[in-house]
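A short worksheet on the structure shown next.
Throughout, a chain's letter reflects where its sequence line sits, starting with A, and its residues are numbered from 1. On a predicted model such as this, the values are computed, not experimentally measured, just so you know. Heavy-atom basis, side chains included; hydrogens, waters and symmetry copies ignored.
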Amino acid sequence: MTCRDVDSFIVAYASGAEVSPQVAAHIDGCGRCRPLVHAIRESGQTTRPSHEQLNRATAALVTDLKPVKPLVSEGALLPMLMLVLVVIAAFGGEEWGTAGFRALNSLQRIGVFFALGCGAVLLAFSAGRQIVPGSRLLLPPRLLLAAVLGVMAGMFAILFHPHHESTFVTNGLMCLRIGLECAIPAALLFWLLLRRGAILDAPLTGATVGALAGLGGVVVLEILCPNLSSYHILAWHIGAALASTMGGLIIGHITERLGS
Amino acid sequence: VGESGAFGSSAPNLEQLMVRYQSGDAAAARSLVDLMSVQLYGFFASQMGDRADADDMSQETWLRIHRVRHTYRPGEPLLPWVYAIARRVRIDGYRKRRRISSREVAASDLPAIPSARKQASALPAFAELIAPLPESQREALTLLKVNGLTIEEVARATASTAGAVKQRVHRAYDRLRALLEQQPSGNPSRGGAR
């Protein structure tokens, strides 16, 4: 047994809890672990809150105490967030047509919409958990955000091929504008659904919601835009999602600064 | 089997008390304060090193808990929910103080306010022990030792994963072991090895 093996039991052993004989034998016989356990055992918490502090804390809780309606369950919130994306996609298809969807081959259709669907579910799941303090996370939200956008870009780079086009910027700006025009109302609807939650890290939650709304914009762009050049899609379609993510991040920062 | 702290991972009835508090039961609210105040105060005292700051932040945490009490989901463990809020209060408090002190220094060109580290003698003993560690490792050990959370609960409270918390704790112990070897009879924070 190594010192690393007993790390999971250091505090328990120092607190007098029962541990396996092997763990106890290692700690008692190890010149590195024994002093550590001793130091932790001897370093008891010596300070306590004052009576006034306890009274103030109680007053904070019982003053104007009314029953509250708990936050909507995760099982109900997730479908509502996804419904927003479906509504935005349906609106975009109705408004700008479906030439893009028709231009995709079967493999591209499956790849693009599977990636967008999975990314949206993961981000919606993450946003739903971020508004409940102390939720269990499969991945840290920052990592998840980067992974979703990165995998999406990688997937699109594999599914599409580069083509030269003379109107790269003109066409691209049009797609960017449409993508953001869809992302903004999506973000507002997401905010309406999430606003009752406790947002502890406003920039991170803002970026997550922005990315989710941005994916709504990408869905609309994949349905309407028949340009299948990978340069165009990566720069302007994924660019719309990135711009939306940045917008959410900035709004989150501003909100946090104003709040403090 | 995860690490569990001095108070066990799930103090009796905390979750039920929270549900009763959500439904407007003042007695349950009082019981929550009675059961959790010492550990909550310890969370701030161990990391802030200043009694007034710990008092203020504990109070701010209770106010925020009251404000967002509807976000606790019955059936979920309460401690990660409480300490996720407490952790945010600490971060906000730190940022606010840093902003204020930088403005004051800029305005009057006064020397910087002495940091909590320089007031090491006023720190509680556990804070002294963990003072040489980086902030994230101090926080993980405090939540384990002072607040009695499990590794999984620390991960939830710090918006991290259990694997990342384990790694942090291993590194913290390794560093403390090395410091204690250098200073076998003393406290690592007094050895100046940082």
Query raised in the report: Should the pair R177(B)-D7(A) be classified as a salt bridge under the 4.0 Å nitrogen-to-oxygen rule?
Result: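 Judged by the 4.0 Å cut-off on N to carboxylate O distance, R177(B) and D7(A) do form a salt bridge.
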
Query - Cationic N near anionic O, under 4.0 Å, E152(B) to R136(A) - result: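 Salt bridge between E152(B) and R136(A), a charged N being under 4.0 Å from a carboxylate O: yes.
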
Would you give me the side-chain donor-acceptor pairs under 3.5 Å for residues 206-218 of chain A, sequence neighbours excluded?
residue: T208(A); atom: OG1; partner: Q130(A); partner atom: NE2; Å: 3.1
residue: T208(A); atom: OG1; partner: L204(A); partner atom: O; Å: 2.8

Tell me, for [X] versus chain B, whether the close heavy atoms (under 4.5 Å) come from the side chain, the backbone, both or neither.
| X | value |
| --- | --- |
| S135(A) | backbone |
| D64(A) | backbone |
| R196(A) | both |

Query - CA sep, side-chain torsions, deciding dist, call: R73(B), E74(A), salt bridge (Lys or Arg N to Asp or Glu O under 4.0 Å) - result: CA-CA 10 Å; R73(B) 287 200 167 122; E74(A) 194 172 39; 5.1 Å; no

Query raised in the report: So which of A59(A), G197(A), C33(A), A14(A) has the biggest tally of heavy-atom pairs under 4.5 Å with chain B?
Result: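 Highest number of heavy-atom pairs under 4.5 Å: C33(A).
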
Query raised in the report: Given the options L200(A), L71(A), T58(A), which has more heavy-atom pairs under 4.5 Å with chain B than any of the others?
Result: L200(A)

**Report entry** For chain A, the option from Y72(B), Y83(B), W62(B) that forms the most heavy-atom pairs under 4.5 Å
**Finding:** W62(B)

For chain B, which residues from [range] have at least one heavy atom closer than 4.5 Å to it?
| range | answer |
| --- | --- |
| residues 20-32 of chain A | R32(A) |
| residues 140-154 of chain A | P140(A), P141(A) |
| residues 76-84 of chain A | none |

Query raised in the report: Would you find a donor on one side and an acceptor on the other, under 3.5 Å apart, between the side chain of H66(B) and the backbone of L61(A)?
Result: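 Here the side-chain-to-backbone pair exists.
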
Query raised in the report: Q59(B) side chain to A57(A) main-chain N or O, any donor-acceptor pair under 3.5 Å?
Result: yes

Requested in this report: Please report the shortest heavy-atom distance between L129(B) and A39(A), naming the atom on each side.
Outcome: CD1-CB, 3.7 Å

